[in-house]
Structures are given as C-alpha cells and as structure tokens.
Number of protein chains: 2
Amino acid sequence: MMSWLRDAGFLAALEPEWRRELEGLKPVHVPARTTLFRPGDAAQSFVILLSGRIGVYLTGRNGRELLLYAVSPGETCVQTTLGVLGGAPYTGEAIAETDLVAVMVPPTVFERLMAGSSSFRQFVFRAFAARLGDLMFVLEQVAFVKVEQRLAHVLLDRADASGEVSATHQDLAVAIGTAREVVSRRLEAIASKGWIANERGSIRILDRAALTKMAAQP
Amino acid sequence: MMSWLRDAGFLAALEPEWRRELEGLKPVHVPARTTLFRPGDAAQSFVILLSGRIGVYLTGRNGRELLLYAVSPGETCVQTTLGVLGGAPYTGEAIAETDLVAVMVPPTVFERLMAGSSSFRQFVFRAFAARLGDLMFVLEQVAFVKVEQRLAHVLLDRADASGEVSATHQDLAVAIGTAREVVSRRLEAIASKGWIANERGSIRILDRAALTKMAAQP
DNA sequence: CCGGATCCGGTGACTTAGTCACCGAGCGGC
DNA sequence: GCCGCTCGGTGACTAAGTCACCGGATCCGG
C-alpha cells in the first residue's frame with residue numbers, strides 16, 4: 001500500500017528518518033457537513049488535510065457569520081494547533097464543506113517532529129504565516145473596504161472558467177461579512193449595469209473587466 | 001553585570017544550556033515614535049520586548065487606521081517572526097509608543113533554540129496563540145459589534161484607577177476601527193446621559209457600571 | 001509676549017450599510 | 001398536488017461612514 005505522504009507533494013523535503021514517523025499515521029475520513037471544531041473546544045491534534053475542503057467561520061452574537069479562511073489539501077488548520085501548543089481555546093468554527101481525508105498528528109509526535117526536523121518546522125511556520133495573512137486580509141476588507149468592492153472581489157474569486165458563480169446570496173454575504181439583504185440589493189444594482197446576471201442559486205459574470213475594475217477602485 | 005534574562009520573569013523555565021545562548025545577546029534601545037516595521041518589510045529577527053510598548057496598526061487605502069494589538073514587555077512581535085520563518089511579508093505597521101528596550105534574536109540563534117529547547121518552543125507558540133487570539137477579537141468586534149459597545153469597551157479598558165482615559169477622539173477611533181467624527185458624536189451622546197465627561201485630550205468616566213452594561217449588551 | 005502652525009474637536013449634509021418584518025416564488029419530497 | 005423549505009425581494013428605518021469646513025486650544029519659535 002502506498003503511503004499518503006508519498007502521494008502528497010507538500011512535505012517532499014522532509015528528512016527520511018522523520019518520514020517514517022508520519023507515514024505510520026493512518027488518515028481518517030470525515031463526511032461533509034461535519035462540524036469539526038466549535039468555539040471553546042480544546043484541540044487535540046495537529047491536522048493535515050489530504051483531500052476535501054474545510055471552511056473556518058467566525059460567528060457574532062447577532063448570528064451573522066463571516067468566513068475566515070478555507071483549508072485546502074496539504075494545509076493545516078492552524079487554530080487547532082495553537083490550541084494544543086499554546087493552550088488557547090479554539091475561537092472559530094470549522095465545518096467540513098466536502099468529504100474529507102486528513103491525518104491527525106498527536107501532540108507527542110508533533111513535539112518530536114518539531115524538535116527534530118527543521119523542514120517540518122518550516123512547514124508549520126509557513127502554514128502559520130499563510131493563515132495570519134488570510135486573517136489580516138479579511139480584517140482589512142471588513143474594516144476598510146466597501147461592500148460593493150468586496151462583492152466584486154469574491155465573485156471573481158469564485159467564478160469558474162465560464163464565469164459561473166454557484167453560491168446563494170447568503171453564501172456571499174457570509175464570505176464578505178455582511179447581511180443577505182445587502183448582497184441582494186448590490187447584486188441587483190450590478191446586474192442593472194449589465195455586468196452580471198442573477199439566477200436562482202448562482203450568478204453569471206458577463207463583464208469580467210468591469211468587475212475587476214470595481215474590485216480595485218478606492 | 002546582571003543578565004536581562006534573569007530580570008525578566010517570562011523565560012524562567014528555559015533550560016540552563018540555552019539560557020547562555022540568549023544571555024549573550026545585547027538588548028537594543030529604541031526611542032519613542034520610531035516606526036519599527038512597515039507593510040512589505042522583510043523582518044530580520046525574532047524580537048523580545050523588555051520594556052516599553054509597541055503598537056501594531058493596520059492601515060486601509062482610505063487612510064483610516066486600526067489598532068491590531070499592543071506588544072508589552074515579555075512579549076514578541078509575532079508578525080516579524082512569521083516574516084523570517086514563513087517567508088511572508090509584514091502586513092502591519094509597528095510603532096514604538098514609548099522608548100523601548102528589546103532583544104533581537106537573529107534567525108540562526110532562533111533556529112537553534114527552536115531545535116533544542118522545548119520550553120522555548122512553548123514560549124513561541126504561546127506568543128502566537130495569544131496574538132492570533134487578539135486578532136480574532138478585533139475581527140469579531142469590527143465585523144459584528146456596534147460602535148457604541150466597542151467604544152464603551154475601550155474606555156473601560158483604558159481608564160486608570162480614577163476613571164481617567166487620556167486619549168484623543170482620534171486615538172479612540174483607531175482603537176475601535178472607525179472614524180473620528182463617529183467617536184465624537186457617540187461620546188457626546190454618552191456624555192449627555194451623564195456617564196462620562198469630555199475634556200480636551202481625555203475622558204473621565206463617571207458611571208463605570210453603566211458603561212459596563214453598555215459594552216456587554218447585544 | 002506675540003503670531004502662526006498645528007492639533008483637537010464640533011457640525012451639517014449626505015451616502016452607504018445593517019436591521020427588521022414580511023412576502024412570494026421556486027423547488028424537492030412524499 | 002400539497003407541504004414545507006430555501007431563496008430572494010422589498011419597504012421602512014437606524015447606524016455608521018464620508019466630506020467639507022469651522023473655530024478654539026496649544027505649542028513653539030522669535
């Protein structure tokens with residue numbers, strides 16, 4: 001049987017003596033829509049995602065939600081790690097958006113790897129830096145950028161090759177941190193300029209260039 | 001001559017053989033109001049603050065600023081670390097708010113300590129976790145909490161024993177991520193209820209209990 | 001001690017965003 | 001076909017942010 005680590009490209013530089021340590025761990029499967037962590041949970045392991053996608057959300061007291069970042073294969077859910085190693089409780093809510101395959105690295109193994117492998121340390125720090133960057137981006141958007149620009153940005157970001165964005169207004173509202181009604185009204189305004197077309201459950205982009213300009217402008 | 005490390009309580013658990021490594025580093029002095037890092041800077045070392053205070057700010061394209069967190073003695077400026085170790089550019093702006101004394105740990109020494117000392121690793125991870133927590137708090141406040149509540153919160157947070165808050169409206173606006181005019185108007189509204197008194201450059205809290213309730217309510 | 005530059009705060013008018021309450025159309029399952 | 005749910009639309013209102021401008025307080029150099 002092939003090792004998952006051999007298939008995954010992201011730890012290719014790992015020293016051979018440490019490869020074995022990781023290869024011994026068996027990947028776990030998780031069905032879509034599972035809630036992986038809730039605020040206040042104490043995390044138990046360092047998670048490396050092999051396939052699927054995890055969404056990490058922040059929920060306000062008013063019930064509104066905000067997408068913090070998505071975890072893709074080869075990445076790790078940093079907040080859980082900090083929970084284990086820094087003693088902090090989990091502040092976001094992680095939801096499996098597809099079926100998942102992931103490796104759970106227990107604290108003892110993690111500690112050995114951090115002590116022994118400089119390339120593992122680099123992997124971990126890069127992951128931290130990337131997540132912190134994601135968070136800073138979201139913060140900047142929410143604090144300083146207008147809804148219309150954030151909306152244009154997320155539409156471009158989520159569009160497939162044909163310009164189709166399959167997301168409900170509610171999904172988009174969570175992605176940019178606003179209310180559903182606001183998204184509905186803005187989308188209508190943009191549609192009236194002929195740059196997009198609204199359908200039930202999806203949006204079709206008609207003028208990518210116009211949206212790009214809209215996302216960039218002050 | 002005493003070692004700075006002996007005076008500082010925060011790395012007391014560090015193994016003796018690694019203490020020497022850190023004690024050899026000479027603390028540097030930095031005058032107040034120095035800009036330590038700007039967005040895009042590549043950080044060169046792991047910074048441990050011995051005395052003074054550093055403010056880390058995010059600046060939007062519209063010129064508005066937002067206080068991300070403050071670094072106190074015994075803490076580290078995490079973003080610079082991630083810059084060194086994760087290869088990410090610096091996203092915030094760090095300003096010395098008082099005269100500073102700090103130890104700059106060069107990457108080579110940092111790498112040795114991370115490899116060899118489990119208590120140093122713990123120190124670093126706790127620092128990361130704390131900062132990530134700060135960031136999540138700010139994000140939640142900005143995304144979901146009303147200005148009036150954020151304002152009450154920051155006033156209580158910054159008041160001295162006698163209830164005096166020495167900060168301009170602009171300072172408060174940056175602390176809660178809004179515009180100066182908005183702070184002025186809200187403060188006036190709160191003052192008209194008799195809970196605070198506005199003076200030039202400072203606010204006196206008259207009714208702590210009322211503010212506390214205001215900060216908590218949905 | 002004076003004059004100007006700068007900092008601090010106040011204000012009106014307006015735009016943008018968020019909230020609340022409610023409705024109706026589309027869609028899926030039985 | 002009917003029920004119940006998701007999805008989106010709307011009006012009315014409040015909260016927040018923006019812009020332009022003003023006047024008083026302070027500070028500093030001469």
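So that the names make sense, note that chain A is the first sequence line, chain B the second, and so on, each numbered from 1.
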By the 4.0 Å heavy-atom rule, please label A:Val182 as base, sugar-phosphate, or nothing. base

Quick check against the 3.5 Å criterion: does A:Asp171 have a side-chain atom that pairs as donor or acceptor with the backbone of A:Thr168? yes

Specify the residues of residues 134-141 of chain A, ordered by number, for which at least one heavy atom lies under 4.0 angstrom from an atom of DNA chain C. none

Taking B:Arg64 for the side chain and A:Ala143 for the main chain, is one N or O donor matched with an acceptor at less than 3.5 Å? yes

Restricting to nitrogen or oxygen on both sides, can you table the protein-nucleotides 4-9 of chain C pairs closer than 3.5 Å?
from  : atom 1 : to       : atom 2 : distance (Å)
C:dC7 : O2     : B:Arg200 : NH2    : 3.1
C:dC8 : O4'    : B:Arg200 : NH2    : 3.2
C:dG9 : OP1    : B:Gly201 : N      : 2.9
C:dG9 : OP2    : B:His169 : N      : 2.8
C:dG9 : N7     : B:Arg180 : NH1    : 3.3

In whole angstroms, how far is the P atom of C:dG18 from the CZ atom of B:Phe144? 11 Å

Roughly how many Å is it from CZ in A:Arg150 to P in C:dG18, rounded to a whole number? 6 Å

Round to the nearest Å and state the distance from B:Glu181 atom CD to C:dT16 atom P. 17 Å

Hey, does the side chain of B:Asn62 come within less than 4.0 Å of D:dT18's phosphate (OP1/OP2), counting only N and O? yes

Which pairs count as side chain to side chain donor-acceptor pair (under 3.5 Å) when at least one residue sits in residues 133-143 of chain B, sequence neighbours excluded? B:Arg131-B:Asp134

A:Arg204 (side chain) donor-acceptor with A:Glu199 (main chain) under 3.5 angstrom: no

Would you mind reading off the distance between B:Ile176 atom CD1 and D:dG17 atom C1', rounded to a whole angstrom? 12 Å

Atom CZ of A:Arg185 and atom C1' of C:dT16 are separated, to the nearest Å, by 12 Å

Return the nearest nucleotide to the side chain of A:Arg64; candidates are D:dT18, C:dT19, C:dA17. C:dT19

Relative orientation of the end axes in the helix from C:dC1-D:dG30 to C:dC30-D:dG1, expressed as an angle to the nearest 10° (five pairs per end): 40°

Using a cut-off of strictly less than 4.0 Å between a heavy atom of the residue and any atom of DNA chain D, enumerate the qualifying residues of residues 186-194 of chain B by number. B:Arg186

B:Asp99 (side chain) donor-acceptor with B:Ala32 (main chain) under 3.5 angstrom: yes

Restricting to pairs with a member in residues 168-201 of chain A, which pass ring pair (Phe, Tyr, Trp, His ring centres under 6.0 Å), not counting sequence neighbours? none

Can you tell me how far P of D:dA15 sits from CD of B:Gln149, to the nearest Å? 12 Å

